[in-house]
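Computed from heavy atoms alone, side chains included, the values below leave out hydrogens, waters and symmetry copies. Numbering of ligands and ligand atoms starts at 1, following listing order.
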Amino acid sequence: METSAFILKLACPDRPGIVAAVSHFLLHAGCTIVEAQQFEDPTEKRFFMRVVFAGAGGEVEPARLRAAFEPVAAQFAMQWSLTRQGEHKKVLILVSKFDHCLVDLIYRARIGELPIDITAVVSNHGAENYRHIDFGGLPFHHLPVTKETKPAQERRILELVEETGADLVVLARYMQVLSAELSAGLARRCINIHHSFLPGFKGAKPYHQAHERGVKLIGATAHYVTDDLDEGPIIEQDVERISHYDSPENLVRKGRDIERRVLARAVRYHVTDRVLLNGHRTVVFPD
Ligand SMILES: Nc1nc2c(c(=O)[nH]1)N[C@@H](CN(C=O)c1ccc(C(=O)N[C@@H](CCC(=O)O)C(=O)O)cc1)CN2
């Protein structure tokens, strides 16, 4: 639900006076700080901050506030964003054969748990594979792909992202490797759920690798997509204990629950402006 509060998210080279400058700016803009989280990375010498604030008296004009904050941001060489708290983000979902994460995201959006509006569902498999899913009128696009048609298929994916105004693309078990061009086009706005506890068991069949290795924990990893397969900045991970009794099929079954909750958490953190990039890593301010 949209509120009259706003979220300022920023990252910049670390130096004295950043918090004072931000607080001073908000005070003089007639705003009060509701919540603030910060982190100083001593290795990268970078500072990260997330501030939730509201207009002390009247309505806050976000556009006017952004314009007023520009000089402060420039003074500290900040990367920053200012958004209205609770504002829904538009999300385009890509899926292949396995639909458990897709169904989970549709449900969490439908009940209002995730502040997202799903703009479209895109799959390299036909609609007949999802007859059991209540899309509730969500647009579905079947974009088959082969080695030969991949460039055109990916151009159509990017067209749909632009046409629907998607703020975020979620690879909800989409089992095609995005090209360097598409990964770059979706940089910092594309989240993938990998069905292992990275960096372990990269690739398309991690559960079989895990069973073969005889591990005692399995997991899932949500990360931003980059051109380096399974190497993007990690947003969220979780694990579950398993044993010698677990067949590969059992691992796939147990893995579905982990994938669902990890992806939903990562999407929530991203769309509520809780994730900041820190080189090839992330800073995630918890809720
Ligand atoms: N550029 C990127 N694209 C994708 C990433 C990524 O990190 N960067 N993650 C994958 C998801 N994934 C693991 O999480 C994954 C998907 C597919 C494969 C793979 O080898 N696919 C084969 C085809 C397999 C099939 O058709 O079933 C291939 O593309 O040749 C590995 C890992 C999503 N895309």
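Remark: ligand 1 atoms within the under-4.0 Å shell around heavy atoms of S183 are 1 (N). The contact set between ligand 1 and L171, taken as ligand atoms under 4.0 Å from a residue heavy atom, comprises 33 (C), 34 (N). Near H223, meaning under 4.0 Å from any of its heavy atoms, are these atoms of ligand 1: 7 (O). Below 4.0 Å from some heavy atom of V225 lie the following atoms of ligand 1, by number and element: 1 (N), 2 (C), 8 (N). Near Y174, the atoms of ligand 1 lying under 4.0 angstrom from a non-hydrogen atom of the residue are 11 (C), 33 (C). Residue contact check: G203 has heavy atoms under 4.0 Å from atoms 31 (C), 32 (C) of ligand 1.
Here the protein heavy atom with the shortest distance to atom 29 (O) of ligand 1 is V177 N, 3.3 Å. Nearest protein heavy-atom contact of atom 26 (O) of ligand 1 is Q176 NE2, 3.2 Å. For atom 14 (O) of ligand 1, the closest non-hydrogen atom of the protein is H194 ND1, 2.6 Å. In terms of protein heavy atoms, atom 3 (N) of ligand 1 is closest to L178 N, 2.9 Å. Of all protein heavy atoms, the one lying nearest to atom 20 (O) of ligand 1 is A204 CB, 3.9 Å. Nearest to atom 22 (C) of ligand 1 among the protein's heavy atoms is M175 O, 4.1 Å. For atom 9 (N) of ligand 1, the nearest protein heavy atom (residue, atom name, distance) is N192 ND2, 3.4 Å. For atom 12 (N) of ligand 1, the closest non-hydrogen atom on the protein side is D230 OD1, 4.0 Å.
In this structure, NZ in K216 is found 7.0 Å from NE2 in H244, a value given to the nearest 0.5 Å. Note: L263 CG to I258 CD1 = 13.5 Å, rounded to the nearest 0.5 Å.
None of V103, I118, V121 except one satisfies the side-chain contact (heavy atoms from CB on, under 4.5 Å) rule with F135; the exception is V121.
Around the NE2 atom of H142, the shell of radius 6.0 Å holds more than 12 heavy atoms that belong to other residues, nucleotides or ligands. Open room surrounds CZ on R241; 12 or fewer heavy atoms of other groups in view lie less than 6.0 Å from it.
We find that R256 and E259 are not joined by a salt bridge, their nearest charged nitrogen and carboxylate oxygen being 4.0 Å or further apart. Note on R261 versus E236: no salt bridge recorded, every NZ/NE/NH1/NH2 to OD/OE distance being 4.0 Å or above. The residues E240 and K254 are annotated as not salt-bridged, no charged nitrogen and carboxylate oxygen being separated by less than 4.0 angstrom. Checked for salt-bridge contact, R189 and E162 meet the test: a charged N lies under 4.0 Å from a carboxylate O. Using a 4.0 Å cut-off between charged side-chain N and carboxylate O, K202 and D228 make no salt bridge.
Remark: side-chain polar atoms of K150 are paired, donor with acceptor, to backbone N or O of V177 under 3.5 angstrom.
The shortest N/O to N/O separation between E231 and ligand 1 does not fall below 3.5 Å. Ligand 1 has no N or O atom lying under 3.5 Å from any N or O atom of K150, backbone or side chain. By the 3.5 Å distance cut-off applied to N or O atoms, L229 is not counted among the residues near ligand 1.
Proximity annotation for atom 2 (C) of ligand 1: of L198, T221, T226, D227, T226 comes nearest, heavy atoms only.
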